[in-house]
Protein chains: 2
Amino acid sequence: MTGLREMKKQRTRDALIRAAHELFVSQGYDATTVDQIAAAVQVSQRTFFRYFSNKEEVALAPQQLMLAHFLDVFRGRPSDEAPLESLRGALDEAWADLESTIEAILPIELHMRMWELTQNTPALLGAALLQSQANQDLLTEELARRCGLDPEGDPRPRVLVAAFVGVTDAAVRAWAHLGHESSAAARRITMSHLDQLQPALCGSWDCQDGRPEDVSTRSPC
Amino acid sequence: MTGLREMKKQRTRDALIRAAHELFVSQGYDATTVDQIAAAVQVSQRTFFRYFSNKEEVALAPQQLMLAHFLDVFRGRPSDEAPLESLRGALDEAWADLESTIEAILPIELHMRMWELTQNTPALLGAALLQSQANQDLLTEELARRCGLDPEGDPRPRVLVAAFVGVTDAAVRAWAHLGHESSAAARRITMSHLDQLQPALCGSWDCQDGRPEDVSTRSPC
DNA sequence: TGTCAATTGGCAGACACTGACATTATTGTC
DNA sequence: GACAATAATGTCAGTGTCTGCCAATTGACA
């Protein structure tokens with residue numbers, strides 16, 4: 001399957017992603033037209049839409065790669081691990097593989113700038129949330145399978161994954177809000193937010209050490 | 001400010017929402033054009049876009065109303081209440097006011113059908129998630145204010161709200177996935193999901209009674 | 001009644017996206 | 001190496017969303 005045809009397709013796809021990202025980051029997402037992206041790769045507009053079903057897809061392609069990788073890593077986690085620990089661990093592993101996963105297509109620097117832009121561009125953020133939600137469904141299914149629960153009937157895997165994804169998404173938004181921060185900062189912020197999940201829900205907010213307390217004895221704020 | 005001009009504007013806006021919803025529900029969202037909606041109210045397309053900045057906005061107008069009402073109710077909650085309890089309680093109150101909030105513009109029946117359609121229409125779901133996230137930011141700010149915390153620096157309000165919103169969104173998706181259920185069912189499913197939040201994160205999945213246990217002693221799945 | 005300001009309609013145009021068909025390039029085969 | 005089968009691409013026309021611009025209409029208020 002390494003014929004000339006496949007290689008050319010792969011090269012065109014990569015070139016489109018690359019050109020699109022450079023244009024998006026330098027001019028903004030809305031200000032960049034599909035015609036510009038196609039022209040930069042010397043390809044017709046019609047061909048662009050054969051590779052990507054819409055303008056958002058080319059912008060979120062690297063994110064899609066990350067999500068797929070994260071899901072793979074999660075599947076490889078030991079099944080005797082606590083669910084939340086598996087999710088957190090898988091995310092940490094995926095972050096560690098960030099460079100090798102992304103650098104094959106784009107410079108990390110460009111990817112992070114694009115990610116920040118995504119969080120500040122409504123059209124893109126909406127699409128990203130949609131993508132994140134599709135991933136959420138897959139995660140829920142996998143978690144339920146792992147624990148031998150019914151993903152449709154039992155709400156608990158769905159609830160846990162929803163909380164997990166909600167918090168990681170919020171962490172990324174908080175990161176982007178700071179502006180021009182590194183990927184290391186993104187990782188650190190995401191992980192520290194996750195570490196607040198159990199204490200915030202199960203413990204008092206007076207203690208910051210992450211040790212959960214009995215809910216019935218907690219103070220209000 | 002109850003001049004004839006204001007009344008006419010209000011009536012046009014309501015008529016547009018009503019006509020749009022009926023068309024969306026009967027033909028589908030994508031299959032309905034803005035021209036059709038405008039024609040149904042005997043108004044030009046240009047006028048439609050003066051009332052709603054895009055096609056999604058008219059579809060999500062009732063949702064926007066609900067979110068605003070929920071935020072209002074949350075602000076009215078006693079400040080000595082535990083944060084998660086305030087969120088849960090405010091949501092329950094907002095659900096109770098559903099009819100009086102919505103019926104002024106639309107039949108509840110139509111609203112619920114539209115809501116279900118929203119969850120199954122990617123373009124709409126993306127916009128809805130965006131809307132939900134904007135609301136999430138406001139909630140976080142309000143919660144931080146209430147507890148005297150810094151909404152930028154302290155991640156805990158953000159984390160708690162993210163988990164809360166993530167779970168309610170997931171609950172709605174689970175509801176819509178069942179198909180043609182009542183609003184009472186939506187309320188019940190949402191609340192039961194919220195009740196799983198603390199146990200799912202802090203307790204073992206072997207007990208379903210909602211009583212959190214010490215994390216260190218829980219069993220894996 | 002007449003002026004002022006807000007609302008609306010109509011029009012042209014940019015841009016995202018799609019279907020149909022002709023053209024070109026690659027592959028496997030003789 | 002020529003040749004048919006197949007896949008990728010280009011071109012073109014068209015639909016639908018959304019915007020800027022200007023003229024016409026309508027309500028507010030003296």
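Fair warning: this is a prediction, and the values are worked out from it, not measured in the lab.
A donor-acceptor pair shorter than 3.5 Å can be found between the side chains of A:Asp14 and A:Gln10.
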- Note on the structure: In 5'-to-3' order, the base (B), backbone-only (S) or no-contact (-) status of each nucleotide in nucleotides 17-30 of chain C, using a 4.0 angstrom heavy-atom cut-off, is BBBB----BBS---
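Classified by interplanar angle (parallel below 30°, tilted 30° to 60°, perpendicular above 60°), the ring pair A:Phe164/A:Phe70 is parallel.
The number of heavy-atom neighbours closer than 6.0 Å to CD of B:Glu103, taken from other residues, nucleotides and ligands shown, is above 12. For B:Arg113, the CZ atom counts as loosely surrounded, since its 6.0 Å shell holds 12 or fewer non-hydrogen atoms of other residues, nucleotides or ligands.
Electrostatic pairing of A:Arg18 and A:Glu22 counts as a salt bridge here, judged by a charged N lying under 4.0 Å from a carboxylate O.
A 4.5 Å side-chain heavy-atom check between A:Thr168 and A:Leu87 finds every atom pair outside the cut-off. Contact of the A:Phe48 side chain with the A:Asp35 side chain is not registered, since no non-hydrogen atoms from C-beta on lie closer than 4.5 Å. Within the 4.5 Å cutoff, the side chain of B:His177 has heavy atoms near those of the A:Glu152 side chain.
Taking the centre and axis of the six-membered ring of B:Tyr29, the NZ or CZ atom of B:Lys55 falls inside the cone set by 45° and 6.0 Å.
For the segment residues 114-134 of chain B, no residue has any heavy atom less than 4.0 angstrom from an atom of DNA chain C.
Counting only distance, with no hydrogens or angles, the side chain of A:His193 and the backbone of A:Ile189 share a donor-acceptor pair below 3.5 Å.
For DNA chain D, the span of nucleotides reached by chain A at under 4.0 Å from its heavy atoms goes, 5' to 3', from D:dT6 to D:dT11.
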